[in-house]
Amino acid sequence: MDTNVLVSGLLSPHGLPATVVDLVGSGAHRVCFDGRVLAEYRDVLTRPRLSLPLDGVETVLARLSTNGLRLAATPLDTTLPDPGDQPFLEVAVAAKVDYLITGNLKHFPPELCHGIAVVSPREFLAAIRDGASSRQGFLVGQVVVPDDFDRMGESEIQDMFTDEP
């Protein structure tokens, strides 16, 4: 899951990212992941500046693990502009997901994404509302570079997911 989507969903329970997180947590849709993705979630969610309770973080990660699909992904022949995003694309391709959901679409140029639809939380929710998803699996994914994430305030994270086009 795009770490920003996950963090934003946990920090603001009434936004679009929270709806995506709820769908994954409830098992209505499955997040696909590997060890690298899960480690990124844990690393970011346990940062003291977020003030998320550790037991809550562990509950969220356990639910994602239980309801999700863990798999092994193989390296791709293309490299994304931000190498930290590579694990998420590799998992998406390996799982043949319908969508890779991210708050940073520019990090996933379509010509490098092996046919995977890279969408925002809004686009994903509109697609499933309209019945465009053919498979039950999807990936919410993007690695946030720790130094960049630490410089972002909560309002900056929220601004990534405003209702504005």
Side-chain angles (χ1 to χ4, degrees), residues 1-73 82-92 94-95 97-108 118-129 133 136-164:
M1 186 175 308
D2 176 334
T3 308
N4 276 329
V5 173
L6 181 57
V7 170
S8 184
L10 295 175
L11 292 177
S12 179
H14 303 293
L16 297 175
T19 302
V20 173
V21 172
D22 289 344
L23 287 168
V24 173
S26 71
H29 289 273
R30 294 175 69 189
V31 66
C32 301
F33 60 92
D34 67 4
R36 300 170 298 173
V37 171
L38 203 55
E40 171 69 13
Y41 295 162
R42 178 170 278 107
D43 175 59
V44 173
L45 293 177
T46 57
R47 291 185 182 158
R49 104 181 265 280
L50 291 179
S51 300
L52 294 171
L54 187 56
D55 59 336
V57 168
E58 291 304 324
T59 299
V60 167
L61 294 175
R63 184 161 288 168
L64 291 176
S65 294
T66 299
N67 294 334
L69 174 64
R70 184 177 189 133
L71 53 96
D82 180 352
D85 294 326
Q86 200 73 25
F88 293 94
L89 181 60
E90 290 171 354
V91 169
V97 299
D98 286 324
Y99 305 104
L100 189 152
I101 306 166
T102 180
N104 290 317
L105 297 172
K106 66 184 177 187
H107 288 194
F108 295 90
V118 180
V119 298
S120 69
R122 172 182 306 288
E123 293 167 324
F124 171 72
L125 294 170
I128 62 169
R129 180 192 64 229
S133 181
Q136 288 193 335
F138 69 92
L139 176 73
V140 181
Q142 172 209 349
V143 173
V144 177
V145 176
D147 291 339
D148 293 340
F149 189 80
D150 287 340
R151 286 191 295 267
M152 295 175 69
E154 182 178 341
S155 64
E156 290 175 287
I157 296 168
Q158 295 301 324
D159 287 345
M160 292 177 68
F161 303 104
T162 63
D163 291 338
E164 302 294 320

Sorted by chain and number, sequence neighbours left out, salt bridge (Lys or Arg N to Asp or Glu O under 4.0 Å) with E58 holds for R42

Worksheet entry | Between H29 and F124, ring centroids under 6.0 Å | yes

In short, S120 meets L105 closest at the heavy-atom pair N-CD2, 3.8 Å

The side-chain contact (heavy atoms from CB on, under 4.5 Å) partners of L38 (sequence neighbours excluded) come to F33, Y41, L61, S65, R70

* Do L23 and L125 have side chains that get closer than 4.5 Å, going by heavy atoms? -> yes

Note: G25 and R63 closest approach over all heavy atoms is O-CD, 2.6 Å

Check: Hey, are the side chains of N67 and V24 touching, using non-hydrogen atoms and a 4.5 Å cut-off?
Finding: no

Please examine the side chains of L100 and V118, heavy atoms only from C-beta on, and report whether any two atoms are closer than 4.5 Å. yes

Heavy atoms of V5 and P121 approach each other most closely as CG2-CG, 3.9 Å

For P83, does its backbone N or O pair with a side-chain atom of Q86 as donor and acceptor, under 3.5 Å? no

Interatomic distance, CG@L69 vs CG@L64, rounded to 0.5 Å, equals 12.5 Å

Partner of V7 under side chain to side chain contact (heavy atoms under 4.5 Å, CB included), picked from L52, V21, V44, is V44

Correct closest heavy-atom pair for T46 and D43 would be OG1-O, 3.4 Å

Heavy-atom nearest pair, A94 first then A72, reads CB-O, 4.2 Å

Query raised in the report: Would you find a donor on one side and an acceptor on the other, under 3.5 Å apart, between the side chain of S12 and the backbone of S8?
Result: no

Those residues at least two apart in sequence (or on a different chain) that pass side-chain contact (heavy atoms from CB on, under 4.5 Å) with A39 are none

(message) For H107, is there any backbone N or O sitting under 3.5 Å from a side-chain donor or acceptor partner on D82?
(response) no

Self-check item: Minimum side-chain heavy-atom gap L89-D85 below 4.5 Å
Solution: no

*Do the non-hydrogen side-chain atoms of V31 and V37 ever get within less than 4.5 Å of each other?*
no

Less than 4.5 Å apart, any side-chain heavy atom of L6 and any of V60? yes

Between the CG atom in D34 and the CD atom in E40, the distance rounded to the nearest 0.5 Å is 11.5 Å

For R30 and G68 the tightest heavy-atom approach is NH2-O, 3.4 Å

